[in-house]
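Worth saying up front: this structure is predicted, and the values here are computed from it rather than measured. Letters A, B, ... are given to chains in the order of the sequence lines, protein chains preceding strands, and every chain is numbered from 1.
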There are 2 protein chains.
Amino acid sequence: MASGTIAFESHHDHNQCIEQAMDEARSLCKARNQRLTPIRELVLKLVWQSHKPLGAYEILPALAEAGFNSAPPTVYRALDFLQEQGLVHRIALLNAFIGCPHPGKSHHGCFLICRHCNTAVEADSRDAEALISQQASKLGFTTEQQSIEVLGCCPNCREHAEE
Amino acid sequence: MASGTIAFESHHDHNQCIEQAMDEARSLCKARNQRLTPIRELVLKLVWQSHKPLGAYEILPALAEAGFNSAPPTVYRALDFLQEQGLVHRIALLNAFIGCPHPGKSHHGCFLICRHCNTAVEADSRDAEALISQQASKLGFTTEQQSIEVLGCCPNCREHAEE
DNA sequence: TTTTGATTTGTTATAGTATAACGGAACATT
DNA sequence: AATGTTCCGTTATACTATAACAAATCAAAA
Ligand SMILES: [Zn+2]
Ligand SMILES: [Zn+2]
Ligand SMILES: [Zn+2]
Ligand SMILES: [Zn+2]
């Protein structure tokens with residue numbers, strides 16, 4: 001399914017990525033009776049400006065420009081909300097946030113992060129997660145949440161920088 | 001291979017864990033012609049005081065007590081060295097460090113982290129990593145490094161806190 | 001053994017990431 | 001309009017990590 005991997009297509013119509021993400025967010029929040037306030041909506045849009053994970057402190061100036069208060073709690077609150085709603089994910093290796101390309105659907109994703117261009121793609125990891133949970137249960141461990149993050153080289157960067 | 005899973009056995013002889021880790025560290029560094037200086041050795045020993053990941057700033061006071069300088073760079077340098085030598089790992093979800101139970105052997109490990117007691121175990125994840133790399137390559141992505149971290153409940157805590 | 005160059009450590013300062021706490025504003029309902 | 005809840009503004013602070021440079025130590029060569 002391309003909804004995640006489109007990020008590796010360097011000339012895709014990214015405006016459509018953004019619009020789709022915002023539309024889905026609005027309808028999801030409406031359905032859940034959650035408030036996608038102006039700040040939250042703006043933060044989500046900013047996170048979706050690219051497929052590169054964005055640090056919380058990179059969001060602050062844009063909030064200020066838009067006339068909002070711009071202190072760390074503001075952006076972290078918005079990010080917390082968006083994470084709770086499954087609209088963005090946090091990438092632990094980068095201390096950064098990225099939009100989820102298919103929110104709503106309960107999914108098991110891993111992140112493929114390009115070391116060169118920084119693009120991150122959420123790929124399906126259902127099978128791998130099942131395997132890990134199964135191995136863990138053999139040790140008596142009950143899995144509740146998994147974080148799979150992969151560093152490497154994306155197809156674009158491989159092509160442009162043959163070594 | 002119990003070397004990793006022994007951490008889930010609540011009454012194991014942990015002194016032996018420590019001694020073995022220190023012995024392996026010494027011989028590995030000797031073999032590689034790397035200097036396991038007093039600071040590095042102490043930091044490693046401190047990390048091995050338990051099977052719970054330890055924050056860098058939790059190490060500092062102990063360094064001070066031992067008469068060493070105790071500013072952040074000191075401990076981070078030691079941790080960097082130990083990571084390069086594969087003697088400790090960093091857990092991104094926790095910003096914390098844990099001793100590797102089988103250094104030297106090139107291995108692919110994931111961390112099973114108990115939400116209740118904080119114990120973390122390094123389990124083999126060769127198969128899962130292979131699966132992920134394979135899926136990633138279908139998207140044109142070349143894997144270089146993986147980070148798999150699992151949150152959940154360990155056997156001891158499950159037993160003691162039946163819900 | 002002395003010199004020399006490389007590695008390690010001490011030290012100060014600062015960057016980067018995230019949360020606590022509390023009061024006030026906006027919202028949704030009664 | 002009154003009320004309780006959620007959200008936001010604001011200040012302060014905690015936590016995590018690195019930059020930069022000088023001093024000390026080490027290891028091998030001269
Ligand atoms: Zn896009
Ligand atoms: Zn790339
Ligand atoms: Zn032990
Ligand atoms: Zn536990």
note: A/F81, atom CZ; C/dC27, atom C1'; distance rounded to Å ~ 14 Å

In terms of side-chain heavy atoms of A/P72, which of D/dA17, C/dA18, C/dA21 is nearest? C/dA18

Is there a side-chain polar atom (N or O) of A/Y76 under 4.0 Å from OP1 or OP2 of C/dA18? yes

Measuring to OP1 and OP2 of C/dA18, would you say a side-chain N or O of A/R90 lies under 4.0 angstrom away? yes

Ignoring hydrogens and geometry beyond distance, is a side-chain donor-acceptor pair present between B/E129 and B/T143 at under 3.5 Å? no

The reported gap from CD in A/E122 to CD1 in A/I91 (rounded to nearest 0.5 angstrom) is 8.5 Å

Test for a donor-acceptor pair under 3.5 Å between the base of C/dA15 and the side chain of A/Y57, counting only N and O atoms. no

B/F68 CZ - C/dT9 P separation (whole Å): 9 Å

Output the rounded distance in Å from CZ (B/R77) to P (D/dA19). 11 Å

Whole-Å distance separating the CG atom of A/L54 from the P atom of C/dA18: 12 Å

Distance test, side-chain N/O of B/N95 to OP1/OP2 of D/dC15, below 4.0 Å: no

Give a yes or no on whether the backbone of B/G152 and the side-chain of A/T142 come within a donor-acceptor separation of less than 3.5 Å. no

Taking CD1 from B/I91 and C1' from D/dT16, how many angstroms apart are they, rounded to a whole number? 16 Å

Heavy-atom nearest nucleotide on DNA chain D taken for B/D80 and for A/T74; more 5' hit belongs to A/T74

If you only use heavy atoms from C-beta on, which nucleotide in C/dT11, D/dG9, C/dT9 is closest to the side chain of B/R40? C/dT9

With a 4.0 Å cut-off on heavy atoms, is B/R35 in touch with a base, just the backbone sugar-phosphate, or nothing at all? sugar-phosphate

Less than 4.5 Å apart, any side-chain heavy atom of A/I132 and any of B/D127? no

To the nearest angstrom, the CZ-C1' distance between B/R32 and C/dT7 comes to 18 Å

Spacing of A/N69 atom CG relative to C/dG24 atom C1', expressed in whole Å: 13 Å

Residue A/P73, side-chain atoms from C-beta onward, closest of C/dT11, D/dC8, D/dT11: D/dT11

Using whole Å, report how far CD1 of B/I39 lies from P of C/dT11. 11 Å

Specify whether A/F141 and B/F8 have parallel, tilted or perpendicular ring planes, treating 30° as the upper limit for parallel and 60° as the lower limit for perpendicular. parallel

